[in-house]
Amino acid sequence: MSSFVLSTDMKRVVRQSKFRHVFGQAAKNDQCYDDIRVSRVTWDSTFCSVNPKFVAIIVEASGGGAFLVLPLHKTGRIDKSYPSVCGHTGPVLDIEWCPHNDQVIASGSEDCTVMVWQIPENGLVTPMAEPVVALEGHSKRVGIVAWHPTARNVLVSAGCDNMIIIWNVGTGEAMISLEDEHPDVIFSVSWNRNGSLLCTACKDKSIRVIDPRKDGEKIIAEKEKAHDGARPMRAIFLSDGNVLTTGFSRMSERQLALWNTHNMEEPMTVNEMDTSNGVLLPFYDPDTNVVYLCGKGDSSIRYFEITDEAPYVHFLNTFSSKEPQRGMGYMPKRGLDVNKCEIARFFKLHERKCEPIVMTVPRKSDLFQDDLYPDTAGPDPALEAEEWFEGKNGDPIKISLKNGYVPSKSREIKVVKKNILDSKVTKNAENSAPSSKCATPAPSVVRDTFIIGCRFKPHLGRHCGMLSKSLNPELLPRRRKMAAHCSSGMG
């Protein structure tokens with residue numbers, strides 16, 4: 001029996017995975033966004049949202065709520081006078097970029113409103129206070145906003161009034177209101193892959209799977225006390241329809257659990273990790289089935305691979321740093337650099353800084369890695385808002401990342417090497433140039449040496465005087481002989 005356990009453990013240790021050697025690397029200081037006053041509001045959201053054009057960060061603001069929108073290339077120190085999006089009258093709690101338009105972002109605030117903003121193509125030049133549309137329907141602060149993954153202009157919001165509203169942003173109307181499904185504060189809301197279902201985590205320790213367009217009873221699956229701890233939970237859909245949750249045990253141990261929505265009596269697996277107060281924020285990549293867990297207040301990112309075989313959740317590695325994270329942004333797959341085998345990019349919020357962190361799979365080949373980059377969800381919506389509200393579903397329209405892939409040119413390496421050699425040749429030329437002109441300064445060295453040598457020989461003062469007066473270069477051979485004579489006299 002013991003040998004069997006040992007063999008299974010060994011199999012688990014040497015489990016083959018192309019993501020076993022994924023490693024994280026923080027950006028250098030000149031590639032970070034500095035001098036940003038990250039929000040101090042007590043709400044467990046990411047405080048950051050990223051797309052291939054911009055990074056948006058919720059910041060401290062006097063007399064209302066605001067968030068910064070920075071073009072990705074605008075790294076370095078951010079001036080205090082840099083324009084922000086400042087239309088909310090209360091602190092901003094959550095923001096999210098629209099997956100179908102890289103210039104549209106939604107925000108939820110303590111002022112009980114949801115606002116949708118259109119950012120200029122090159123970023124903000126002046127402060128933006130007027131949204132494209134303000135969505136009013138919540139009676140308490142709005143802590144969650146999430147765009148529909150496949151339908152254009154469909155947005156879900158959840159507030160501390162225990163209500164979920166699904167909006168048609170194109171018309172500014174609240175199309176669906178879920179008022180009776182949650183008896184307490186909603187901690188998280190997640191769409192499934194095609195946007196037909198919602199998964200929620202609530203303060204009553206239950207997770208629920210909801211069909212928002214269904215007539216009558218909309219809750220199609222529910223699990224009470226998914227995690228026994230009182231701290232906030234998170235729940236997200238995986239691409240196969242299962243639900244992954246993070247929460248706390250009764251002993252305040254942080255947990256990661258996997259649930260089958262068709263049978264939620266018992267979890268498929270539960271992983272206990274450590275004891276900490278920080279809420280675990282899950283970020284899921286449906287293309288690679290890798291989940292990244294970022295704890296608020298932690299200084300590490302753990303990542304796991306989800307498979308179809310028991311134990312289903314496989315620990316890969318941990319990225320650790322020194323500074324704790326106050327929030328985290330996650331770049332969509334189409335914004336990654338496929339040349340460097342980058343499979344994830346995070347934007348870690350410090351107290352006054354935003355630091356990009358790149359996750360890479362080491363590969364020797366320079367060719368496009370098809371296994372790392374299967375077709376991924378593109379920016380085109382599969383449905384219009386009206387079609388979705390009528391009951392239609394559509395899977396994400398996928399794009400190949402190979403089309404945006406620019407193969408590295410070997411010529412560049414040659415050019416770099418040539419430049420290096422050129423610089424060395426130039427330096428050698430500079431070093432050799434003075435040697436050809438050293439006829440004039442050389443005597444001074446000899447003269448100085450000679451004078452120092454004669455200082456201790458008063459009877460050679462006559463030679464000293466004669467040589468010190470001889471500044472004519474034609475007398476160099478004679479002076480060298482005199483120097484040699486003096487040194488032999490000293491001996």
Side-chain angles (χ1 to χ4, degrees), residues 17-25 27 46 48-56 71-73 95-105 146-152 190-195 236-242 244 281-294 301-307 316-317 319 328-348 356-363 365-382 394-407:
S17 170
K18 55 196 167 194
F19 304 111
R20 271 178 60 199
H21 303 291
V22 171
F23 68 96
Q25 190 168 13
T46 60
C48 181
S49 186
V50 194
N51 68 19
K53 281 188 178 181
F54 300 105
V55 51
L72 287 185
H73 60 80
I95 50 177
E96 184 170 286
W97 288 104
C98 175
H100 309 124
N101 188 333
D102 287 341
Q103 292 169 231
V104 173
I105 187 170
W147 290 94
H148 193 284
T150 61
R152 189 198 309 269
S190 168
W191 294 100
N192 68 344
R193 189 75 167 134
N194 68 358
I236 59 170
F237 265 115
L238 303 185
S239 56
D240 59 3
N242 292 332
L244 183 134
L281 305 175
F283 297 92
Y284 174 62
D285 179 1
D287 303 325
T288 59
N289 267 326
V290 175
V291 171
Y292 303 86
L293 299 184
C294 308
I301 302 173
R302 294 180 179 88
Y303 33 108
F304 301 79
E305 186 176 4
I306 313 295
T307 63
L316 291 173
N317 211 335
F319 168 80
M328 193 71 73
Y330 180 64
M331 175 68 79
K333 206 67 175 288
R334 57 192 173 88
L336 302 181
D337 187 350
V338 296
N339 292 288
K340 298 178 181 177
C341 294
E342 182 182 342
I343 64 164
R345 190 188 311 165
F346 292 92
F347 287 72
K348 173 181 173 180
I357 297 172
V358 173
M359 299 289 180
T360 308
V361 177
R363 291 284 171 93
S365 173
D366 290 335
L367 299 176
F368 178 75
Q369 306 293 318
D370 300 83
D371 59 328
L372 297 183
Y373 301 105
D375 289 355
T376 189
D380 294 328
D395 290 327
I397 297 176
K398 296 187 176 183
I399 59 171
S400 171
L401 294 177
K402 192 172 184 178
N403 295 334
Y405 170 69
V406 180

*Under 4.0 Å between a Lys/Arg side-chain N and an Asp/Glu carboxylate O for Lys53 and Asp102?*
no
_Atom of Lys340, atom of Thr360 and distance for their closest heavy-atom approach_ = O-CG2, 3.0 Å
*Please name the pair of heavy atoms, one in Pro99 and one in Arg334, separated by the smallest distance, quoted to 0.1 Å.*
O-NH2, 3.5 Å
*asked:* How long is the straight-line distance from CD of Glu342 back to NZ of Lys333, given to the nearest 0.5 Å?
replied: 10.5 Å
*Hey, does Val361 have a side-chain heavy atom less than 4.5 Å from the side chain of His21?*
no
_Gap between atom OG1 of Thr46 and atom OH of Tyr330 - 0.5 Å precision_ = 13.0 Å
*About how many Å separate CD1 of Ile397 and CG of Asp375, when rounded to the nearest 0.5 Å?*
12.5 Å
*Taking the six-membered ring for Trp, are Phe346 and Phe283 ring centroids under 6.0 Å apart?*
yes
*So which heavy atom on Trp97 is nearest to which on Ala56, and how close?*
NE1-CB, 3.8 Å
_Using 0.5 Å steps for rounding, measure from the CD1 atom of Ile105 to the CD1 atom of Ile95._
4.5 Å
_Does Arg363 form a side-chain contact (heavy atoms from CB on, under 4.5 Å) with Lys18? I'd like the steps, not just the answer._
CA-CA 10 Å; Arg363 291 284 171 93; Lys18 55 196 167 194; 3.7 Å; yes
_Note, Phe19 side chain near Asn289 side chain (heavy atom, < 4.5 Å)_ = no
*Measure from the side-chain N and O atoms of Thr150 to the backbone N and O of Gly195, and report whether any donor-acceptor pair falls under 3.5 Å.*
no
*Okay, side chain of His100, backbone of Gly378: is any donor-acceptor separation there less than 3.5 Å?*
no
*How far apart are the closest heavy atoms of Gln369 and Cys341, and which atoms are they?*
CG-SG, 3.7 Å
_Any heavy-atom pair between the side chains of Phe347 and Met331 that's under 4.5 Å?_
yes
*For the pair His148 and Trp191, evaluate side-chain contact (heavy atoms from CB on, under 4.5 Å) and give the outcome as yes or no after the intermediate values.*
CA-CA 7 Å; His148 193 284; Trp191 294 100; 3.5 Å; yes
*With Tyr303 as reference, evaluate Ile343, Asn317, Leu293 under the side-chain contact (heavy atoms from CB on, under 4.5 Å) test and give the passing residue.*
Asn317
*Minimum side-chain heavy-atom gap Pro379-Ile399 below 4.5 Å*: yes
*Identify the heavy atoms of Tyr284 and Ser239 that sit nearest to each other, and give their distance.*
OH-OG, 3.0 Å
*Just wondering, do Phe237 and Arg193 contact through their side chains at under 4.5 Å, heavy atoms?*
no
*Are side-chain heavy atoms of Leu72 and Val55 found at a separation under 4.5 Å?*
yes
*asked:* Nearest 0.5 Å, please: how far is CE in Met359 from CD1 in Ile301?
replied: 4.0 Å
*When rounded to the nearest 0.5 angstrom, what distance separates CG in Asp285 from CG in Leu238?*
11.5 Å
